[in-house]
Amino acid sequence: MPELPEVETVKETLKRQILNNRIVGVKVHYAKTIEFPSVEEFKKQIINQTFIDIKRRGKWLMFELNDYYLLSHLRMEGKYNIKDIGDELDKHEHVVFTLDNNKELRYKDVRKFGKMHLILKDDIYNRLPLKALGLEPNDKELTVKYLKDKYKNKSLPIKTVLLDQQIIVGIGNIYADEILFLSSINPLKQSKKLTKKELQLIIDNTKIVLEKAIKAGGTTIRSYTSSEGVHGKFQHELLVHGKEGKPCPKCNDTIVKIKVGGRGTYYCRKCQK
DNA sequence: AGTGCGACCCGAACGC
DNA sequence: TGCGTTCGGGTCGCAC
């Protein structure tokens, strides 16, 4: 699943492939991928824009163009591939950008959950979806005080709240389990009941887990690869996620799987009380 | 405001 | 073997 580390990998890969190329054509084969503006406006506005840079904010890819940012959220299975003009269209390729070098940048998404926005550069941080995002894991403002304040009215389980992109961005279901295991915190513990010590552990381990995952190129489970032929390696370093019935790496007790906020959650009952 | 849950999708995994 | 059913993943919108 593309979470922050996967998006980082895609960003770096695409930077080597499309920077300084101009968009000379665009085809939208699945209209709902384009969330804003209308498909017609989207096509009209993006034509003749050049890829100047690619950035990332949370799980959003930010393609910097001359006048706009093209925001792209891959959700679970979105990927980008470079193909030649004329290559047969894959059934799951929903948006195709034709470039001025006879190549095409194609957005492929089996689940069709991914979304794109095209927003004027001046507005980008004052508008949804970026406006609502919380702190990056490596932001200096991510402190115990910050989390204490954000969590004070939350009786939801910490596992659920770690997935809330309005507080910290980039944590998905896999990494939330890993962060809580390393912090020895029960995923069901109410967020507002966390001690300062526990909040500090969450902050430290969030940074550690995401950084390690970025270095490994993300996590490839199920069918996900960041782009054709690119596989992350972090799945080999997972300690609890997906390890139901396997021994805990710390205490050898059996890892269990439960549902928290509707999400599959793996943890060690002995280490995470 | 906080919380809970269905909807969005469809391939893979599962059950019979 | 084949076929029907369930699951999962991130986010949003809606009801309470």
Side-chain angles (χ1 to χ4, degrees), chain A residues 1-10 28-36 39 56-62 71-79 90-95 107-117 119 127-134 136-137 147-179 187-194 206 210 213 218-226 228 232 234-235 238 240-245 256-267:
Chain A
M1 317 302 136
E3 301 186 23
L4 184 152
E6 288 77 2
V7 178
E8 191 65 27
T9 302
V10 175
V28 177
H29 300 287
Y30 183 70
K32 288 165 86 172
T33 300
I34 312 301
E35 189 131 79
F36 181 88
V39 173
R56 179 194 58 73
R57 177 79 172 94
K59 301 175 192 175
W60 287 93
L61 269 175
M62 303 172 65
L71 298 183
S72 173
H73 197 304
L74 307 174
R75 296 288 180 95
M76 276 72 69
E77 300 200 27
K79 337 174 156 49
D90 181 280
K91 133 189 210 200
H92 302 297
E93 289 174 338
H94 306 309
V95 184
Y107 177 70
K108 173 174 172 175
D109 187 348
V110 169
R111 291 285 180 280
K112 297 182 171 172
F113 271 17
K115 300 291 178 194
M116 295 182 194
H117 294 241
I119 294 176
R127 294 190 51 146
L128 291 174
L130 298 196
K131 183 188 161 118
L133 294 181
E136 290 287 330
L147 283 190
K148 194 103 198 137
D149 182 56
K150 292 288 183 187
Y151 290 179
K152 67 184 176 195
N153 295 321
K154 296 214 182 281
S155 48
L156 289 170
I158 179 60
K159 162 70 188 264
T160 301
V161 171
L162 278 181
L163 300 174
D164 184 344
Q165 305 296 305
Q166 300 200 44
I167 301 175
I168 305 173
V169 296
I171 303 173
N173 200 41
I174 299 171
Y175 299 123
D177 285 355
E178 297 297 303
I179 290 163
L188 289 166
K189 185 158 182 175
Q190 287 191 122
S191 306
K192 62 185 176 188
K193 291 187 176 168
L194 290 165
T206 295
L210 293 182
T219 306
T220 302
I221 58 175
R222 290 173 185 275
S223 61
Y224 180 74
T225 57
S226 57
E228 223 63 72
F234 194 70
Q235 65 274 19
L238 294 176
V240 289
H241 188 89
K243 306 288 186 186
E244 184 181 21
V256 295
K257 181 185 186 184
I258 59 170
K259 285 260 184 200
V260 180
R263 297 284 165 245
T265 299
Y266 301 84
Y267 78 111

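All figures in this text were calculated on a predicted structure; none of them were measured in a lab. Naming convention: chains lettered A, B, ... in sequence-line order (proteins, then strands); numbering from 1 in each chain.
Under the 4.5 Å side-chain criterion, counting only non-hydrogen atoms from C-beta, A:E93 is not in contact with A:H29. A:L71 is not listed as a side-chain neighbour of A:E35, based on a closest heavy-atom distance of 4.5 Å or more.
Atom CD1 of A:I258 and atom P of C:dG8 are 13 Å apart (whole Å). When rounded to the nearest whole Å, the span between CD of A:Q166 and P of C:dC12 equals 8 Å. Atom CG in A:L128 sits roughly 9 Å away from atom P in C:dG13 (whole-Å rounding). Summarising the geometry, the separation between CD on A:E35 and P on B:dA7 is reported as 19 Å, rounded to the nearest angstrom. One can place CE of A:M76 at 9 Å from P of C:dT11, the figure rounded to the nearest angstrom. Put simply, CZ on A:F113 is 14 Å from C1' on C:dG13, counting in whole angstrom units. Look at NZ on A:K91: it is 15 Å from P on B:dC9, rounded to the nearest Å. Rounding to whole angstrom units, CD1 of residue A:I167 and P of C:dG10 are separated by 16 Å.
Not one side-chain nitrogen or oxygen of A:K112 sits closer than 4.0 Å to the OP1 or OP2 atom of B:dC8. Remark: A:K257 is in phosphate contact with C:dG8, judged by side-chain N or O atoms under 4.0 Å from OP1 or OP2. In this model, the phosphate group of C:dT11 is approached by a side-chain N or O of A:H73 to a distance below 4.0 Å at OP1 or OP2. Distances shown here put every side-chain N or O of A:Q165 at or beyond 4.0 Å from the OP1 or OP2 atom of C:dG10. Taking side-chain N and O atoms only, A:H92 has no distance below 4.0 Å to OP1 or OP2 of B:dC10.
Residue contacts for A:K115: at a heavy-atom cut-off of 4.0 Å it reaches no nucleic acid atom on any strand shown. Counting any heavy atom pair closer than 4.0 Å across all strands shown, A:H94 reaches no nucleic acid atom. The residue A:K152 sits apart from the nucleic acid: no heavy atom pair falls under 4.0 Å.
Comparing the end axes of the helix from B:dG2-C:dC16 to B:dC16-C:dG2, each fitted to five base pairs by superposing C1' atoms of four pairs onto the next four, gives an inter-axis angle of 60° (nearest 10 degrees).
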Within the sub-3.5 Å range, which N or O atoms of nucleotides 3-6 of chain B have a protein N or O partner, and how far apart are they?
| from | atom 1 | to | atom 2 | distance (Å) |
| --- | --- | --- | --- | --- |
| B:dT3 | OP1 | A:S155 | N | 2.5 |
| B:dT3 | OP1 | A:S155 | OG | 2.2 |

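Comparing C:dT11, B:dG11, C:dG9 by their closest approach to the side chain of A:K59 singles out C:dT11. Listed candidates were C:dG9, C:dT11, B:dC9. Nearest to the side chain of A:Y30 is B:dC9.
Using modelled atom types, no side-chain atom of A:K32 and backbone atom of A:K115 make a donor-acceptor pair closer than 3.5 Å. A donor-acceptor pair under 3.5 Å links the side-chain atoms of A:Q165 to the main chain of A:L163, judged by distance alone. No donor-acceptor pair under 3.5 Å is formed between the side chain of A:R57 and the backbone N or O of A:K59. Looking at A:K243, its side chain never comes within 3.5 Å of a backbone N or O of A:K257 through a donor-acceptor pair.
Nearest-nucleotide positions on DNA chain C for A:R111 and A:P129 put A:R111 closer to the 5' end.
A side chain to side chain donor-acceptor pair (under 3.5 Å) check over residues 154-163 of chain A, counting only residues at least two apart or in different chains, returns the pairs A:K159-A:N173, A:K159-A:D177, A:K159-A:T265.
In this structure, A:Y266 and A:H241 have perpendicular ring planes: the angle between them is above 60°, well past the 30° mark.
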